[in-house]
Amino acid sequence: MAAIVSGRDWSDEIKDRIRRRYERLVEERDFLPEGARRMRDSGYPRAVLERLPDELAAAYCGCGFPAAALDLRDVRVAVDVGCGAGIDAWCLASEMRAGSAVVALDMTQAMIRMFVRSRATRGLRASVWPVAADLERLPLASAIADLVVANASFNLAVDKHSAFKEAFRILKPGGRLAARDLIREGELPGEVLEDPLADVTSLGGAVPEEALRQEISRAGFVRIRISDHRPFSRLTSVHIDAAKPG
Ligand SMILES: C[S@@+](CC[C@H](N)C(=O)[O-])C[C@H]1O[C@@H](n2cnc3c(N)ncnc32)[C@H](O)[C@@H]1O
C-alpha cells in the first residue's frame with residue numbers, strides 16, 4: 001500500500017529521502033561507529049570479520065545476521081535485497097559453490113558503488129551481480145532464486161506488500177526467505193505517527209509483529225517463523241524465515 005496521508009501520496013518523496021539519506025552516509029562516511037564490533041555482536045562468524053574489507057564492515061547498517069544457520073549447499077542463486085554495502089551478499093558468495101550467483105541489490109547507487117570499488121568479491125567462488133534497483137519492483141525474472149535475504153531493509157519499504165510480493169515472485173517454488181528486520185512492540189510517539197515522512201527512518205517504517213506476519217503471508221509465503229527477538233534501539237530486531245510453497 002502506498003503512503004497516503006491527508007489525500008497525498010508521499011511514497012516517492014519518502015523513497016527519495018531514504019535514498020538521499022544513504023547516499024549521504026556513504027559520501028560522508030557517517031555510518032554508526034564500530035561496524036565490525038556490531039557485526040560480531042550480531043553473530044557474524046569470526047572468519048567473516050577477518051576476511052571482509054574494513055571499509056565494508058564500517059558500513060554495516062544491519063540489525064542481525066540473516067544468513068545465520070542457513071544451509072547453502074543447494075543454493076545456486078541468492079538475492080540480497082537492500083544490500084547496502086553488500087556485506088550479506090558477500091557472506092553468501094563466500095560460502096556458496098562455484099558456478100552459483102548472488103545478486104546484491106540496493107536502490108542507493110552510492111552503496112552499490114562502494115561495494116564494487118571495495119573489490120571484496122575478487123577470489124570468491126560464486127559470482128556477485130551488483131544491481132541498483134528498487135526492491136519493490138525487482139528487475140529480475142520470476143522464479144530464478146533459491147534464496148532471498150534481507151537485512152534491515154523491508155522496514156524501509158514504503159509499500160511492504162509489493163516488497164514481499166516481489167521477493168515471493170523471484171523465488172523458485174520451495175525457495176526461502178531469510179531476513180533480519182525490525183518490528184515495533186509499543187505505540188509510536190505522536191510526532192512520528194503524525195509525520196507522513198516518518199517512514200524515512202526505521203522507527204517510522206517498522207510495523208508490529210502481527211502486521212509483518214500478515215504482510216508476509218499475504219504475499220503467499222508459508223511456514224513463516226519470526227524468532228530471535230533482540231532489543232534494537234527503540235525497536236526489536238527479529239529473524240524472519242519463510243518459504244514459497246514447493
Ligand atoms: C538499514 S540499511 C541496511 C543495509 C544492509 N542490508 C546492511 O545490513 O548493512 C537499508 C538499506 O536498504 C536500502 N533500501 C531502502 N529502501 C529500499 C528500496 N525500496 N529498494 C532497494 N533498497 C532499499 C537502503 O538504500 C539501504 O542501503
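The structure displayed is predicted, hence computed values, not measured ones. Both ligands and their constituent atoms are indexed starting at 1 by order of listing.
Residues F31 and R29 are in side-chain contact: their nearest non-hydrogen atoms beyond the backbone lie under 4.5 Å apart. L212 is not listed as a side-chain neighbour of F154, based on a closest heavy-atom distance of 4.5 Å or more. Counting heavy atoms from C-beta on, the side chains of R176 and L70 come closer than 4.5 Å. Side-chain contact between M39 and L52 is present, with heavy atoms from C-beta onward closer than 4.5 Å.
When hydrogens are left out, the protein atom nearest atom 24 (C) of ligand 1 is D106 OD1, 3.5 Å; that is the closest non-hydrogen contact. Protein heavy atom in closest approach to atom 6 (N) of ligand 1: G82 O, 2.8 Å. Given atom 3 (C) of ligand 1, the protein heavy atom at minimum distance is N151 O, 3.3 Å. Nearest protein neighbour of atom 20 (N) of ligand 1, counting heavy atoms only, is L135 N, 2.8 Å. For atom 9 (O) of ligand 1, the nearest protein heavy atom (residue, atom name, distance) is C61 N, 2.9 Å. Here the heavy atom of the protein found nearest to atom 7 (C) of ligand 1 is G62 N, 3.6 Å. Among all non-hydrogen protein atoms, the one lying nearest atom 19 (N) of ligand 1 is D134 OD1, 2.9 Å.
Residue A163 places no heavy atom under 4.0 Å from ligand 1. Not a single heavy atom of A85 lies less than 4.0 angstrom from ligand 1.
When all heavy atoms are compared, the tightest approach of S94 to L124 is CB-CD2, 3.7 Å. Closest approach of I183 and H229 over heavy atoms only: CD1-CD2, 4.2 Å. Heavy atoms only, all atoms of each residue included: Q109 and A132 are closest at CG-CB, 4.0 Å. Closest non-hydrogen pair, R180 versus P66, comes out as N-CB, 3.9 Å. Across all their heavy atoms, V207 and K160 have their closest contact at CG1-CE, 4.2 Å. Taking each heavy atom of M114 and A85 in turn, the nearest pair found is SD-CB, 4.5 Å.
Of the polar atoms of D80, none of the N or O atoms is found under 3.5 Å from an N or O of ligand 1, judged by distance alone. Distances between N or O atoms of M107 and those of ligand 1 include at least one value under 3.5 Å. Residue I18 places no N or O, backbone or side chain, under 3.5 Å from any N or O of ligand 1. Any N or O atom pair closer than 3.5 Å counts here, and K15 shares no such pair with ligand 1. For a threshold of 3.5 Å applied to N or O pairs, the pair formed by I87 and ligand 1 contains no separation below that value.
When heavy-atom distances to ligand 1 are checked against a 4.0 Å cut-off, C63 has no atom that comes that close, whether in backbone or side chain.
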Please tabulate, for the side chains in residues 142-151, all donor-acceptor contacts under 3.5 angstrom to protein atoms that are two or more places apart in sequence or on a different chain.
unit_1	atom_1	unit_2	atom_2	d
S142	OG	R169	NH1	3.1
D146	OD1	K172	NZ	2.9
D146	OD2	R76	N	2.8
D146	OD2	V77	N	2.9
D146	OD2	K172	NZ	3.3
N151	OD1	C63	N	2.9
N151	ND2	Y44	OH	3.2
N151	ND2	G64	O	3.0
N151	ND2	D88	OD2	3.0

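Listed by number with element, the atoms of ligand 1 under 4.0 angstrom from any heavy atom of S153 are 12 (O). Listed by number with element, the atoms of ligand 1 under 4.0 angstrom from any heavy atom of A133 are 20 (N), 21 (C). Those atoms of ligand 1 with a heavy atom of A152 less than 4.0 angstrom away are 1 (C), 10 (C). Near G84, meaning under 4.0 Å from any of its heavy atoms, are these atoms of ligand 1: 4 (C), 5 (C), 27 (O).
Under the 3.5 Å distance criterion, with hydrogens and angles disregarded, a donor-acceptor pair is assigned to the side chains of T236 and E185.
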